[in-house]
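A short write-up of the structure that comes next.
The chains referred to below are lettered A, B, ... by the order of the sequence lines, with proteins before strands, and numbering in each begins at 1. For the numbers below, each heavy atom of this structure counts, side chains included, while hydrogens, waters and symmetry mates do not.
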Amino acid sequence: MDRRKFIALSAVAVMGLTLVPAVQPAFGATKLEEEVQKRLGVKLSQIKEVADIKLTAPTIAESGANVPITVESTIPVDRVEKLWIFVDKNPVPWIADVSFTPMNGQVFFSTRIKMGETSNVRAILKLKDGSYVMATKEVKVTAGGCG
Amino acid sequence: MAVGTGILRVPKEAKKGEIIRVQMVITHPMTPPRKDPQTGQEVPAYNLTKLDLFFNDKLVSTVNMGAGVSANPFMALTLKADESGVVKIVYEDNKGGKWERTAEIKVS
């Protein structure tokens, strides 16, 4: 009896062992990473977070249909080329992009966006020297606003 | 209000070199592509795609956007007021609609 039990258990254990690698998901790029790669041409992991960008958004938004966000930066506008706004978990993570010229005077953009669920909002700046910097803020959404 | 109606607001007067805020609200449904829940048919997206901000006919900023911007989009940008002139926004949607609005500013 003990021997049979042992054999059965070991069989289960071996099966489990062989199954483990198959269960592990192939770690593919998320939608956000694909979108960033497509629009910016760089990987998200290559963009570093800086404190020079101020991304203002509510911590808790009661409606995801209308989330006010403001992006400001102390980086001089003549060093900045473009701004992108992404929401991680939206069906389409890309929200908008804005190009700046020295006539803007400063880096400033404010709008209202839709958010499907609680997620990070990202503001990514492309500088004239070709580097990318980013600011991230999490917004909790109590009622989704997509559709 | 009809689709495409816009309000463009800038201060009437500014000092030379001052950074002013240009605010706008545009009436537009901004719907993403979706399936109609009753008929199951695909409803195409209807949203603004592009907005250009001009100052005295010089391009200042271009905003490209998708359906992720809220309905009746509000937007604010800044502008360095170096001379008196006309602030103009030109915006278009993915169904061929194109509109523009202007506002004047006096710089002293």
Does atom [atom1] of [X] have more than 12 heavy-atom neighbours, drawn from other residues, nucleotides or ligands, at distances under 6.0 Å?
| X | atom1 | value |
| --- | --- | --- |
| A:K128 | NZ | yes |
| B:E13 | CD | no |
| B:K88 | NZ | yes |
| A:K140 | NZ | no |
| A:E138 | CD | yes |

Could you check whether any side-chain N or O of [X] sits under 3.5 Å from a backbone N or O of [Y], counting only pairs where one atom can act as donor and the other as acceptor?
| X | Y | result |
| --- | --- | --- |
| A:S110 | B:M75 | no |
| A:K114 | B:A67 | yes |
| B:T78 | A:N104 | yes |
| A:T111 | B:F74 | yes |

For [X], is it the side chain, the backbone, both or neither that has a heavy atom under 4.5 Å from a heavy atom of chain A?
| X | value |
| --- | --- |
| B:M24 | neither |
| B:L59 | backbone |
| B:L79 | both |
| B:A71 | backbone |

Same apolar cluster (I L V M F W Y, side chains within < 4.5 Å links), [X]/[Y]:
| X | Y | result |
| --- | --- | --- |
| B:M30 | A:I95 | yes |
| A:V36 | A:V80 | no |
| A:Y132 | A:V77 | no |
| B:F54 | B:I19 | no |
| A:V92 | A:I69 | no |

(message) Contact between A:F100 and B:T62 at the side-chain level, heavy atoms closer than 4.5 Å - yes or no?
(response) no

Worksheet item: Quick one: does A:F109's side chain get under 4.5 Å of B:L77's, heavy atoms only?
Response: yes

Heavy-atom nearest pair, A:W94 first then B:M65, reads CH2-C, 3.4 Å

Nearest heavy-atom pair of B:S70 and A:A65: which atoms, and what distance?
->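 Smallest interatomic distance, heavy atoms only, reads OG-O, 2.7 Å.
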
Interface check, chain B: of A:S99, A:P102, A:P93, most non-hydrogen pairs under 4.5 Å belong to A:S99

Per-residue tally against chain A (heavy atom, under 4.5 Å) across B:P73, B:G17, B:P33, B:S61 peaks at B:S61

Could you give the distance from CG (B:N72) to CZ (A:R112), rounded to the nearest 0.5 Å?
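Spacing of CG (B:N72) from CZ (A:R112) equals 9.5 Å.
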
